[in-house]
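Right, one structure below, let's go through it.
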Amino acid sequence: MGCGSSSEGKRDWKPLEQRSCTDIPWLILFFLFCVGMGCICGFTVYTGGALRIVRGYDSYGNTCGRRNSPIKGIELSGLNMTENKYVFFLDPCNIDFLNRKIKSLALCVSKCPDEELKTYYDVKQFSLSNGSNLCSYDLSPTRYTGSSERYTKCPKLPVPPSKAVRVLHRCVPTELSCYAELAQAFVSFVNDSSAIQRVIAGVLASKEIILGLCLLALVLSVILMVVIRYISKVLIWITTILVILGAVGGTGVLWWLYADHRKALDNATTTVFGKEVVADNVKALLIYAIISTVFTVVLLLVIFFMRKRVALTIALFHVAGKVFIHLPLLALQPFWTFLGLMLFWVYWISVFLFLGISGTPMKSNSTGLVEFQMKQPFQYLVWYHAVGLIWISEFILAFQQMTIAGAVVTYYFTRNKSEIPSLPIVSSTWRAFRYHLGTVAKGSFIITLVKIPRLILTYLHSQLKGKENACARCMLKACVCCLWCLEKCLAFLNQNAYTATAINSTNFCTSARDALGILVENALRVATINSIGDFALFLGKVLVVSCTAFVGVLSLNYQRDYTVWVLPLFIVCLFAFLVAHCFLSVFEIVVDVLFLCFAIDTKYNDGSSGREYYMDKALMEFVEGSKKGGRYKPADGDPREMKKMNI
């Protein structure tokens, strides 16, 4: 991995004083890997896989909308389909969900039937009038009504009306009645399970409430970010008190509602269908109440034992709040990262679909039609493409961490805040792109090396479930657990390595070594602040979810006779947690970057002339003042008293 010992001796940290390219070999390796990903896309284009997906192809290997070359052993291949631009399926509703394909003969046609064709005579007239043959190419339109082959080579009657999708060039049925068999099977399944029927009915009946509660979760998350910015000194205690009140109050309301619904069920004051709904709600409320009670007890115990340390995060959150005041665009980073991931995933899925039909056309022994099979060594392209999904996704996430770290480092180590660049996020993004892409590539590759075997073992465990013995099952789970823990530890080390790179512009291994050394020297201090900070952010997420769930319970209570609460409340709580996590994840990264900057600042500066502290005065006074007999307490009049930064 190129992590040999450095020839440097003990080196002073010089934040932002010099900038150079880091881990260039890894940048070259990542670039070559991306070129390989591009070559796979080019391979699908060259072999026609991309064109077959976009333009469509028939069951004889002909690509619609172009001239084709004949395929050995397939009589109806190699036809000129320049005028036939759309794919038409003889039985579009015969879907094989297991193999994810339509089990029907596909043809290239010049026009999709825009009205229902009930007889073979209608099919014949449509073909003669429009020049679009809906039966197999070897069956002329004049033989549609009299040939015995029409039952296998012509579409299934009645032919549903369809519309041409110009992007993918497919004839798609416009009436849902086409999928009557599928719908009937689904309805039968739902009717066989009255509980599922009531749950689905509950979601449909409360869809407006669900949308309103999701919007409430978004608003609460934004308000929480505002609170973190402007009243950080009281945030921790406000959050703690509100969480306690919310947990206790929510538990009390759940028990009260359980008793109320239980009483209504015993009195049988509702209809038969309503009584079944109330019975389901009684069970759901009892489960929710028990879970809420256990959670509240555990939460109160944790808060009680950590009450003396909760105050430590007040100064830290005060500084983090100032970071967001000076760098408001930090809150938008998850959206840009999400957009980048979505674009890459769309590209990856598209190429993956192209690969599925980029092989050599072969005649199937079972159907006599064309199948595309990829032979050696091209089969390994799929594995290469899968590794690319993980590595490039991790690269995008790591680039976000490097960008945020660079912006926070610029803020922290700039004494005069008026000298901060007008757009520090843009400046940090440019520095990461200009100098540190190699470091980002190396860090993300390390995570990829751990994640791939973990995913493989997880897949094997799911495939062998119920087939292996208890010992093998236990070993697989243990390996997956160990790899997961290793991945989390490496991710934490990577994040601190990115921060060290943003400070000193050193390569990944040097940065990781230096950052690890700093953190080990300040293990107790950093662990305390880190644990309290993460706990406070967790309380913020719990606060958003609790408030949303509390309002949801009160709102759904007005529909108790025809709404089952299980799924609507679960959807709302899940969305609330994801939204809160999205907003607070950036704040968590900022806090972690501040930890390392703080540790470096206290190690290489002592407050004397020429070695003034960079950190905020409130943070230093609190941390050092909390230590009995601390030598850095400003009140002691020590000549190395910390000097306040210019804000």
Side-chain angles (χ1 to χ4, degrees), residues 40-71 74 76-97 99-117 123 126-139 141 153-156 158-176 178-179 182 346-362 364 367 369-372 374:
I40 292 178
C41 181
F43 171 78
T44 63
V45 174
Y46 176 77
T47 56
L51 194 63
R52 295 187 191 104
I53 288 290
V54 175
R55 290 185 174 235
Y57 62 100
D58 63 15
S59 298
Y60 305 106
N62 299 301
T63 301
C64 301
R66 59 168 294 181
R67 294 180 178 272
N68 297 274
S69 301
I71 301 174
I74 304 296
L76 298 178
S77 63
L79 301 180
N80 183 4
M81 296 295 178
T82 306
E83 300 297 328
N84 300 341
K85 300 180 180 180
Y86 304 103
V87 179
F88 174 75
F89 295 96
L90 302 189
D91 188 5
C93 303
N94 189 6
I95 303 175
D96 184 0
F97 289 98
N99 296 316
R100 298 175 295 278
K101 64 180 182 179
I102 299 178
K103 296 174 60 177
S104 169
L105 188 69
L107 302 174
C108 293
V109 298
S110 59
K111 182 181 179 181
C112 301
D114 52 2
E115 59 183 12
E116 186 179 45
L117 306 178
V123 176
F126 176 83
S127 300
L128 293 176
S129 60
N130 296 283
S132 182
N133 299 337
L134 301 183
C135 295
S136 181
Y137 308 133
D138 57 347
L139 192 64
K153 295 185 177 182
C154 288
K156 181 181 179 181
V159 180
S162 57
K163 182 179 180 181
V165 180
R166 298 189 180 277
V167 177
L168 296 177
H169 299 85
R170 264 74 170 178
C171 295
V172 179
T174 57
E175 294 184 2
L176 295 179
C178 168
Y179 303 99
L182 176 63
V346 169
Y347 164 81
W348 188 90
I349 292 174
S350 300
V351 176
F352 183 76
L353 293 176
F354 297 162
L355 277 174
I357 54 174
S358 294
T360 304
M362 305 288 291
S364 174
T367 63
L369 303 177
V370 172
E371 292 183 353
F372 295 93
M374 190 173 295

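In this chain, numbering begins with 1 at the start of the sequence shown.
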Would you check if the side chain of His169 reaches a backbone N or O of Val54 as a donor-acceptor pair within less than 3.5 Å?
yes
At what distance, to the nearest 0.5 angstrom, does CZ of Phe89 lie from OG of Ser59?
7.5 Å
Which distance, rounded to the nearest 0.5 Å, do you find between the CG of Asn84 and the OG1 of Thr63?
12.5 Å
Correct closest heavy-atom pair for Ser358 and Arg52 would be CA-NH1, 4.2 Å
Side chain to side chain contact (heavy atoms under 4.5 Å, CB included) partner of Ser136, chosen from Leu90, Asp58, Leu76
Leu76
Across all chains, not counting sequence neighbours, the side chain to side chain donor-acceptor pair (under 3.5 Å) partners of Tyr57 are none
The reported gap from CG in Asn68 to SG in Cys108 (rounded to nearest 0.5 angstrom) is 7.5 Å
Correct closest heavy-atom pair for Arg55 and Gly65 would be NH1-O, 2.7 Å
For Tyr60 versus Ile71, what's the shortest heavy-atom pair and its separation?
O-CD1, 3.9 Å
How close do Val351 and Ile40 get, counting heavy atoms only, and between which atoms?
CG1-CG2, 3.9 Å
Atom CZ of Phe43: over 12 foreign heavy atoms under 6.0 Å:
yes
Examine distances only and state if a side-chain atom of Ser127 and a backbone atom of Ser132 form a donor-acceptor pair shorter than 3.5 Å.
yes
Return the set of residues passing disulfide bond (SG atoms under 2.5 Å apart) with Cys41 (not counting sequence neighbours), or none when no residue passes.
none
Can you give me the closest heavy-atom contact between Ile53 and Arg170, atom names plus distance?
O-NH1, 2.7 Å
Distance from Leu51 atom CG to Tyr46 atom OH, nearest 0.5 Å?
14.0 Å
